[in-house]
Amino acid sequence: MPTTHTRAYGQFCGLARALEIVGERWSLLVVRDLVLGPKRYDELQAGLPKIPSSILSARLNELEAAGVVRRRVRGELNAGVVYELTQYGSELDQVLLDLGLWGARSLHQPKPGDILTLDSAILSLYTTFRPEVAEGVQVTYEIRYGDQMIVHALVEDGVAKVGEGRLSGADLIIKADHAAALLDLMSGTVTAADAVRGGRLAIEGEVADLQLFAQLFHVPAAPEPPAGIVVR
């Protein structure tokens, strides 16, 4: 049953029930930040800096009541309580990736105050990865977002593994002062050569590997909205 804090749609429908569970504001972002592993309350709050503490607590309680999230005490000394996805919650993984790619097709320039978190940066690569293009490919990347965040990606025969931090011996190091510059490359708005030539991206390695990156991690263009009333 919906919790007392959750909107009920009055529909006997799986989609309506899903929205009752994860459709409240911030709920899916809380799930997003738990996809990569358990987190303490303060870690969740750091990844969602604009969420009021009372709302974060409410969302965690609602997701726990719905069987999506659970609390666990870590065995390490002074580790405290962490929140993690249950098996039921983990089944949202592919849903989140698909929804993230769908939304990325409508991303343009960041608004003032918009931030890119570490989890978002890692998941964006999983979201946009095209395993069919990566068959037989073996390449490694290190991506530096300014001076604040570094992620890496290992691609091997149709499989990608993405994580935090530097990668020794990476085939290509990509330096992006703004996430939008990388998005423009991944969406095909700018070519690899033009991105480097124009200073939008800096690299250590070959431009050909940057072009390969854009093929492996791709954001399809969103269709243009129809003009006026469609008449059939």
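Since this is a predicted model, take the numbers as computed values, not measurements.
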ring-ring contact (aromatic ring centres under 6.0 Å, His included): pairs with one or both residues in residues 35-72, sequence neighbours excluded
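Listed once each, the pairs would be none.
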Scan residues 8-38 for pairs that pass ring-ring contact (aromatic ring centres under 6.0 Å, His included), counting only residues two or more places apart or in two chains.
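Listed once each, the pairs would be none.
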According to side-chain hydrogen bond (donor to acceptor under 3.5 Å, both in side chains), who are the partners of [X], at least two apart in sequence or on a separate chain?
X: S90; result: none
X: Q215; result: none
X: S120; result: R32, T117
X: R71; result: E64

Hey, could you give me each pair passing salt bridge (Lys or Arg N to Asp or Glu O under 4.0 Å) that has a residue in [range]? Not counting sequence neighbours.
range: residues 206-221; result: none
range: residues 139-157; result: E142-R144, E142-R166
range: residues 86-98; result: none
range: residues 102-119; result: K39-D119

Inter-residue atom distance L167.CG - I173.CD1, 0.5 Å rounding:
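Taking CG in L167 and CD1 in I173, the distance rounds to 9.0 Å.
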State which residues pass ring-ring contact (aromatic ring centres under 6.0 Å, His included) with F217; sequence neighbours excluded, sorted by chain then number.
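F129, F213.
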Around E132, counting heavy atoms of other residues, nucleotides and ligands shown, do more than 12 lie under 6.0 Å from its CD?
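Above 12, so yes.
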Quick check on E84: does its CD atom have over 12 non-hydrogen neighbours (other residues, nucleotides or ligands) under 6.0 Å away?
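More than 12 heavy atoms, drawn from other residues, nucleotides or ligands, come within 6.0 Å of this atom.
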Identify which one of L182, I150, I122 satisfies the side-chain contact (heavy atoms from CB on, under 4.5 Å) criterion when paired with I143.
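Among the candidates, only L182 passes.
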For residues 176-185, which residue pairs qualify under side-chain hydrogen bond (donor to acceptor under 3.5 Å, both in side chains), counting only residues two or more places apart or in two chains?
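Qualifying pairs, neighbours excluded: D184-R200.
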Do L56 and L85 share a hydrophobic cluster (ILVMFWY, side-chain heavy atoms under 4.5 Å, transitive)?
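Yes, L56 and L85 fall within the same hydrophobic cluster.
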So L123 and L96, side-chain contact (heavy atoms from CB on, under 4.5 Å) or not? Walk me through it.
CA-CA 9 Å; L123 287 174; L96 284 172; over 6 Å; no
Just so I know, are the side chains of L29 and D33 near enough to count as touching, which here means a heavy-atom distance under 4.5 Å?
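When only atoms from C-beta onward are counted, D33 and L29 do not touch, as no gap falls below 4.5 Å.
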